[in-house]
Every structure is written in C-alpha cells, then in structure tokens.
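Worksheet for the structure shown next.
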Amino acid sequence: MVRCPPRGRVAALSSLLPDVYLVGAPKAGTTYVASWLAAHPEVFLSQPKEPYYWASDYPRMREHYGFARRPQYEGLFRHAQGVRHRVDASTTYLYSTEAVPDILASVPDARFIVCVRNPVDLVVSYHRTQVVALNEPETDFERAWRRGGAPIEQSQALDPKLLDYRMVASQGRALQRLHEIAGHDRVHVIVFGDLLTSPDSVWAKLLTFLDLTPATRPESTQVNASTKTPRWRPVRRAVHRPPRALAPAVRRLRQWARTSDLAIITSAKAILWKPEARPEVTPAMREELRRTFRSDVEMLGTLIGRDLSCWLEARDRPERGETRPRATGLDTAES
C-alpha cells in the first residue's frame with residue numbers, strides 16, 4: 001500500500017496540485033466521502049469539489065466550470081497550507097482517457113479513491129442528475145436509455161459522453177483501466193452499501209489508506225440524493241447556461257455562492273429547489289439493466305474481492321450493502 005510521510009510530519013507538496021483524487025463513480029457516495037475528508041484537519045478539499053481540470057477530453061465542462069487553465073485550477077488550493085493532502089473530487093476522471101495519465105505525469109505519487117454502487121441504482125439516479133444539470137433533455141429514463149449512443153437533437157449537454165449511461169455505470173471496466181494506469185496500491189475502493197451499513201469501518205480504512213491521523217467520523221447530511229428538482233427551470237437555465245457574453249460573470253457569481261457561508265445565501269439556494277420523488281423504473285426495466293451489467297458486475301467483484309451477486313438479484317428497493325466477501329481473503333473494502 002502506498003503511504004504518505006510518517007505521522008507527525010506534514011507532507012510538503014511540491015506545488016499547489018492535489019495529491020488525492022476522489023474520481024467517482026457518480027451517485028455512489030462521492031459527495032458523502034468528500035464531506036468526510038473536508039472535515040478532517042489534515043485535508044483540504046477544493047470548492048467546488050469537482051473542478052474537472054484534468055478531464056481535457058471534456059473541454060466544455062472545464063470551460064463551463066471555469067478551471068480550464070492551470071493557474072485557475074491551482075488557485076483553488078492557494079489557501080491549503082499546513083495540510084497533508086489536497087483533494088480534487090471530480091467524478092469524470094474515472095471515465096476520462098486523459099485525466100489519470102496527465103495527473104500521474106504531474107503528480108507521480110497521486111492516489112485515487114473510487115466509490116462503486118449497484119449499476120442499476122446508479123444509472124437511474126445518474127440520469128436524474130443529468131436532467132437536473134440540463135445535460136439530458138429526456139426526462140423519462142427508459143426513453144433516454146433506449147436512445148443508446150445516438151446523439152441528442154439539441155446540443156445542450158456539456159459533453160455527449162455524460163449521456164453514455166452504459167459507460168458511466170460500467171464500473172468494473174473503469175476500475176480495471178484505473179488499475180492498469182495507476183496500479184492497485186494507489187487505488188482505494190469504497191462500496192456504496194458499506195457507507196450505509198458500516199460507515200465507521202469505511203472511515204477507518206480510508207484514514208489508513210491516506211495515512212491520516214485517526215479522527216472521529218464526521219457527521220454529514222451531504223448525500224446528494226436524487227430527490228430534488230429546480231423550482232424554476234428558467235432560473236436554473238439562466239444560472240447554468242447563461243448567454244456566452246455573460247458566462248464569465250455568472251461563473252464567478254456561482255463560485256462565490258458556493259463558497260459563501262452567509263445564511264442568506266444558504267437560504268436563497270434552498271429556495272431554488274423543491275422535493276421530487278426518487279426516480280423509479282419498472283421491474284422489467286430493472287431486469288434488463290441487470291442483464292446489461294452482469295458481466296461488468298462480475299468483473300468488478302473480482303477486482304475488489306467481493307461477491308456482488310446480490311446486485312444481480314431481482315428486488316424492488318435500492319441496495320443496502322448486502323455483499324459477501326469472496327473466499328480469496330482480500331480486504332472487503334479496498335482493492
């Protein structure tokens with residue numbers, strides 16, 4: 001296992017680049033894990049947590065979020081003094097063909113955290129996120145799924161790869177690629193169900209992987225659940241898809257609102273959302289998804305030493321972490 005400098009001595013990072021990357025998968029608990037890390041006194045998490053800088057094959061996303069250039073990106077970490085780790089939590093890095101190689105070229109000792117989840121639950125939740133993010137015009141999951149890789153009529157998505165639902169939910173293939181590039185010892189895997197059933201154990205193993213001083217697991221309500229929708233879609237569009245001439249100013253305003261701790265800003269942001277029922281699909285659709293991802297789930301289970309066969313069983317409710325260790329004796333929470 002890759003280790004940081006011994007405890008008692010703060011790591012001297014050679015630049016303002018982060019050395020830890022929480023790379024995904026989306027809708028698999030990354031927001032929760034990021035909030036834990038941000039609360040640790042030896043960790044600095046960028047704000048926003050997903051700057052997307054290293055995903056050069058997602059150029060519109062980098063430009064949209066305002067971190068397409070190195071000085072802008074390093075500026076996110078300029079206040080990260082006296083910490084052991086700087087963390088970037090961009091989930092596109094797990095699927096980008098450019099991100100991890102470029103990270104390792106600049107930060108050779110970088111390490112990576114991957115959260116994984118039952119792909120059936122992940123892909124349904126992820127579709128809702130893309131609708132809310134204004135990337136996906138089709139609000140019905142099954143119709144969006146049937147579209148496959150076909151291009152959408154309007155080019156509103158920041159990148160068409162964001163709507164490649166099969167790719168995003170194929171976590172076995174993505175983890176295998178990450179292992180091939182970064183090596184097994186630099187990668188720590190967290191199973192979403194374990195966050196629900198044994199969070200203290202997940203937290204302890206994460207601290208060990210990052211060689212952080214033991215600390216009480218932070219309490220967090222930041223779960224990024226797919227149970228909300230914009231109250232006023234025109235307002236959402238004005239803020240997240242402004243006219244090109246206004247984009248830089250609106251981007252700065254969004255970033256200021258993200259980092260502001262003013263109560264009035266928090267209240268204003270809450271007003272912009274309204275609750276919405278958790279997305280559901282028919283039993284027949286769930287069965288189709290299980291068949292689609294069966295081989296990838298088996299690959300993922302082999303890679304992390306877990307029996308994930310329960311993910312492929314018919315059920316009506318999202319998973320609660322019911323996985324079984326394989327007989328290999330591998331650690332059940334990391335690769």
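- Atom CG of L212 is separated from atom CD of E42 by 5.5 Å, given to the nearest 0.5 angstrom.
- A donor-acceptor contact shorter than 3.5 Å links the side chain of R236 to the backbone of V132.
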- request: Please report the C-alpha distance between T208 and D211 in whole Å, then the side-chain angles of each, then the deciding distance to 0.1 Å, and finally whether the side-chain contact (heavy atoms from CB on, under 4.5 Å) criterion is met.
  value: CA-CA 5 Å; T208 298; D211 199 24; over 6 Å; no
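- From L37, atom CG reaches atom CZ of F44 across 13.0 Å, with rounding to the nearest 0.5 Å.
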task: Run the numbers on I103 and D88 for side-chain contact (heavy atoms from CB on, under 4.5 Å), then give the verdict.
output: CA-CA 11 Å; I103 288 170; D88 174 341; over 6 Å; no
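- Considering only heavy atoms from C-beta on, D121 comes within 4.5 Å of R286 through its side chain.
- The aromatic rings of H188 and F209 lie parallel to each other, their planes meeting at an angle below 30°, with 60° marking the opposite boundary.
- Judged purely by distance below 3.5 Å, without hydrogens or angles, the side chains of D57 and S96 pair a donor atom with an acceptor atom.
- Residues I190 and C115 meet the side-chain proximity criterion, which asks for heavy atoms closer than 4.5 Å.
- By the 6.0 Å and 45° rule, R62 does not stack over the aromatic ring of W54.
- Pairs of residues two or more places apart, or lying in two chains, never qualify as salt bridge (Lys or Arg N to Asp or Glu O under 4.0 Å) while including a residue from residues 238-256.
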- prompt: Does the pair S46 and F77 meet the rule for a side-chain contact (heavy atoms from CB on, under 4.5 Å), with working shown?
  reply: CA-CA 6 Å; S46 68; F77 303 93; 3.5 Å; yes
task: In sequence, state the C-alpha distance, the side-chain angles, and the governing distance for R290 and E287, and then conclude on salt bridge (Lys or Arg N to Asp or Glu O under 4.0 Å).
output: CA-CA 5 Å; R290 283 192 291 270; E287 178 57 30; 2.8 Å; yes
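- The side chain to side chain donor-acceptor pair (under 3.5 Å) test with R147 singles out one residue from E142, E136, E138, and that residue is E136.
- Counting heavy atoms of neighbouring residues, nucleotides and ligands inside a 6.0 Å radius, atom CZ of R69 does not exceed 12 of them.
- Rounded to the nearest 0.5 angstrom, L22 CG and R111 CZ are separated by 14.0 Å.
- Note that CG of L206 and CD1 of I113 are 5.0 Å apart. Values are rounded to the nearest 0.5 Å.
- Minimum heavy-atom separation, W311 to P119: CE3-CD, 3.7 Å.
- For D159, the salt bridge (Lys or Arg N to Asp or Glu O under 4.0 Å) test picks out K161, with sequence neighbours left out.
- The side-chain heavy atoms of R84 and V43, taken from C-beta on, include no pair separated by under 4.5 Å.
- At least one donor-acceptor pair under 3.5 Å links the side chain of H40 to the backbone N or O of T213.
- With sequence neighbours left out, the ring pair (Phe, Tyr, Trp, His ring centres under 6.0 Å) criterion links F112 to Y21.
- The heavy-atom pair separating L300 from G172 by the smallest distance is CB-CA, 3.8 Å.
- Residues meeting the salt bridge (Lys or Arg N to Asp or Glu O under 4.0 Å) test with E63, sequence neighbours left out: none.
- A donor and an acceptor atom, one from each side chain of D164 and Y95, are nowhere located under 3.5 Å apart.
- Between L76 and P48, the shortest heavy-atom contact is CD2-CD, 4.2 Å.
- Evaluation of the side-chain contact (heavy atoms from CB on, under 4.5 Å) rule for P199 yields W36, R217 as partners, not counting sequence neighbours.
- Between D296 and R173 the shortest heavy-atom distance is OD1-N, 2.9 Å.
- Atom-to-atom distance recorded for R143:CZ and R146:CZ is 11.5 Å, nearest 0.5 angstrom.
- In this structure a side-chain-to-backbone donor-acceptor pair under 3.5 Å is missing from S267 to I264.
- A donor-acceptor pair under 3.5 Å links the side-chain atoms of N135 to the main chain of L158, judged by distance alone.
- Taking every heavy atom of both residues into account, K27 and S125 meet most closely at CE-OG, 3.0 Å.
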- request: With side-chain contact (heavy atoms from CB on, under 4.5 Å) as the test, would you mind laying out the steps for V124 and M285 before giving the verdict?
  value: CA-CA 10 Å; V124 175; M285 185 73 246; over 6 Å; no
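- V187 and A182 get closest at one heavy-atom pair: CG2-CB, 4.4 Å.
- Between Y73 and the choices F67, Y53, Y65, the ring pair (Phe, Tyr, Trp, His ring centres under 6.0 Å) rule is met once, by Y53.
- The ring pair (Phe, Tyr, Trp, His ring centres under 6.0 Å) check on Y58 picks up nothing, with sequence neighbours excluded.
- To the nearest 0.5 Å, atom CD of residue E280 and atom CZ of residue R128 are 9.5 Å apart.
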